[in-house]
Protein chains: 2
Amino acid sequence: MKLSIDHKSAVPLHIQAENLLRELIKDPEYQAGKLLPNEVDLAKILAISRTTLRQAINKLVYEELLIRRKRLGTKVAHKKMSSKSMNWLSFTQEMQARGIPVKNYELHVSWVYPDDYIANFFDIKTEKKIMKLERLRGNTDEAFVYFVSYFHPRIGLTGDEDFKRPLYELLETDHSVVANLSKEEISAKAADKLIAGKLEITPGSPVLFRKRFVFDQGDRPMEYNLGYYKAESFVYTVEARRNS
Amino acid sequence: MKLSIDHKSAVPLHIQAENLLRELIKDPEYQAGKLLPNEVDLAKILAISRTTLRQAINKLVYEELLIRRKRLGTKVAHKKMSSKSMNWLSFTQEMQARGIPVKNYELHVSWVYPDDYIANFFDIKTEKKIMKLERLRGNTDEAFVYFVSYFHPRIGLTGDEDFKRPLYELLETDHSVVANLSKEEISAKAADKLIAGKLEITPGSPVLFRKRFVFDQGDRPMEYNLGYYKAESFVYTVEARRNS
DNA sequence: TATTCATTTATGTTTGTACATAATAATTAT
DNA sequence: ATAATTATTATGTACAAACATAAATGAATA
């Protein structure tokens, strides 16, 4: 890649400048904290206007790859605050997005009588069995989350589905059930014997515990999910903007 | 919030325009697919230049809240889940809403040199001390959360403020700093000796650990907050709805 | 020595202007 | 009727110019 701007190219100048900057900041010198040339000079060097250059820089600033400091200059942003609002991605997709291969350590389907709490949420009777799906998942080295899901009978799951596939994709394509609303409750918990055994930690050590209530398009309950995450292995990110 | 631009305000026009747009696109009409007024007209209406308006629109386009279509116009993008549902309540207000009286077990101000992580977030040098606020809080019976806050020097806190008051109210009324965006990372942790001592639990037992990055109106970092919640005493709720 | 003040410098904000381009709508030619 | 052509219209790109502002630096002052 050549580090100059081609004014005759069909590629917009600010795009060229952006790409050029992306290359430039890979240089160890800049990674080490060296400042970029100031905007006025750099614009002159690249033979584009400062406005156009700023357009390119802005993009990288948005991406938190560059940091501007008034009077000092612009430099490479080191450890960027990762704020990937993971929220609606499935576990599999989220892991894949981070480049971590997902492995199923356990995958177990059973049919159980719902307890009062679940029956109440689903608004069903306790006399009829519903499907329970247990999944122990992690990367290739270790399991770090234990999921327990219960599904509303309305969906019509048989238990023969391929649960290695992303769950919400399966429900949407094969059962026409679309998750529309999720309410979650996150707390810390001490692992009991069962959970400790699954995650291979000592009983009493901390886990991140997540209850998830999932509703479909008609706001009808469709899934009740419990997740036990090994501490340190999982961070839940939430982004909120004031709206008022 | 008034939907007009104040040319006399100290708040930059493009920021005002950005906020205004955020409000505007909440209108069901726009949510339903109506196009925004075209840039030239809208700029005229708001009495700002098209360039300035584009600056604001660009931000929302980058956030994937708006979609531009050449020749067609700009409209609200509805596709992803909006995970933005946090409670903008402060701890005090939240507790009061639940009818639990808040008590401060400890309230301690100190001035410390920021470590690399904090300096990086605030984008400041490590040589200059910043204010650190420690608060141990709970109900009348027991303390169940330990907060550590660091504030950006820009805010100009002296340390003599009345921190028994709700924090964000204090910052807003007395220092004209408004929290606008917060990014949080929630995880489970084992309590170390310090935390265990504060919360009066045995070291190693679980706590809900929450990092909070708070930004002001200009999206500039203003507070870095750490919260250690005694397990079982606190549940974090998140509601996410797909808007398509 | 410590504090205050002015200077410097790079980014931050804003406007006005002009032309390019993609996609649609309207028109014309086959 | 269909295809090709031509407006039309909104965004896209690009420049120049000017002034504002935050923060570091160094000079003047208490």
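If you're wondering where the values come from, they're calculated on a predicted model, not measured in any experiment. Within every chain, numbering begins at 1; the chains are lettered A, B, ... in the order of the sequence lines, protein sequences first and strands thereafter.
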For this session: Under the side-chain hydrogen bond (donor to acceptor under 3.5 Å, both in side chains) rule, what do Glu134(B) and Tyr146(B) come out as? Steps first, then yes or no, please.
Result: CA-CA 7 Å; Glu134(B) 291 165 278; Tyr146(B) 176 61; 2.5 Å; yes
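Across all strands, Leu35(B) comes closer than 4.0 Å to no nucleic acid atom at all (heavy-atom distances). Counting any heavy atom pair closer than 4.0 Å across all strands shown, Thr51(B) reaches a base atom. Within the 4.0 angstrom heavy-atom criterion, base atoms lie near Arg54(B).
The distance from atom CG of Leu72(A) to atom P of dT11(C) is 9 Å, rounded to the nearest whole Å. The nearest whole Å value for the distance from the CG atom in Asn38(B) to the P atom in dA22(C) is 20 Å. If you measure from atom CD1 of Ile67(B) to atom P of dA10(D), you get 19 Å, rounded to the nearest angstrom. Per the geometry, NZ belonging to Lys44(B) stands 20 Å off P belonging to dT14(C), to the nearest Å. Between Ile155(B) atom CD1 and dA22(D) atom P the separation is 15 Å, expressed in whole Å. The interatomic distance linking Leu66(B) (CG) with dA10(D) (P) rounds to 17 Å, in whole Å. Going from atom CG of Asn58(B) over to atom P of dG12(C) covers 16 Å, rounded to whole Å. Remark: P of dC19(D) and CD of Glu39(A) are 19 Å apart, rounded to the nearest angstrom.
A salt bridge does not link Lys34(B) with Asp27(B): every distance from a Lys NZ or Arg NE/NH1/NH2 to an Asp or Glu carboxylate oxygen is 4.0 Å or more.
A close approach under 4.0 Å does not occur between any side-chain nitrogen or oxygen of Thr74(A) and OP1 or OP2 of dA10(C). Taking only side-chain nitrogens and oxygens, Arg68(A) comes nearer than 4.0 Å to OP1 or OP2 of dG12(C).
The closest side-chain heavy-atom distance from Arg22(B) to Leu65(B) is below 4.5 Å.
A donor atom on one side chain and an acceptor atom on the other are not found under 3.5 Å apart for Tyr105(B) and Arg137(B).
Each of Leu13(A) and Leu36(B) was matched to the nucleotide of DNA chain D holding its nearest heavy atom; the match closer to the 5' end belongs to Leu36(B). Closest-nucleotide positions on DNA chain C for Gly73(A) and Leu53(B) were compared, and the one nearer the 5' end corresponds to Gly73(A). Taking for each of Arg154(B) and Val40(B) the nucleotide of DNA chain D with the nearest heavy atom, the 5'-most of the two is the partner of Val40(B).
With distances taken from any side-chain atom of Gln55(B) to the nucleotides dT13(C), dT11(D), dT13(D), the minimum falls on dT13(C). Distance from the side chain of Thr52(A) is smallest to dC15(D) among dC15(D), dT21(D), dT15(C). Distance from the side chain of His14(B) is smallest to dT13(C) among dT13(C), dA22(D), dT11(D). In this structure, the nucleotide among dC15(D), dA14(D), dT11(C) sitting nearest to the side chain of His7(A) is dC15(D). Distance from the side chain of Pro12(B) is smallest to dT13(C) among dT15(C), dT13(C), dG12(C).
Checked against the 6.0 Å centroid criterion, the rings of Phe122(B) and Tyr224(B) do not qualify as a close aromatic pair. Residues Phe215(B) and Phe121(B) place their aromatic rings such that the two centres sit under 6.0 Å apart.
Judged by distance alone with a 3.5 Å cut-off, a donor-acceptor contact links the side chain of Arg71(B) to the base of dT8(D). For dG12(C), the base has a donor-acceptor partner in the side chain of Arg50(A) [N/O atoms by modelled type, under 3.5 angstrom].
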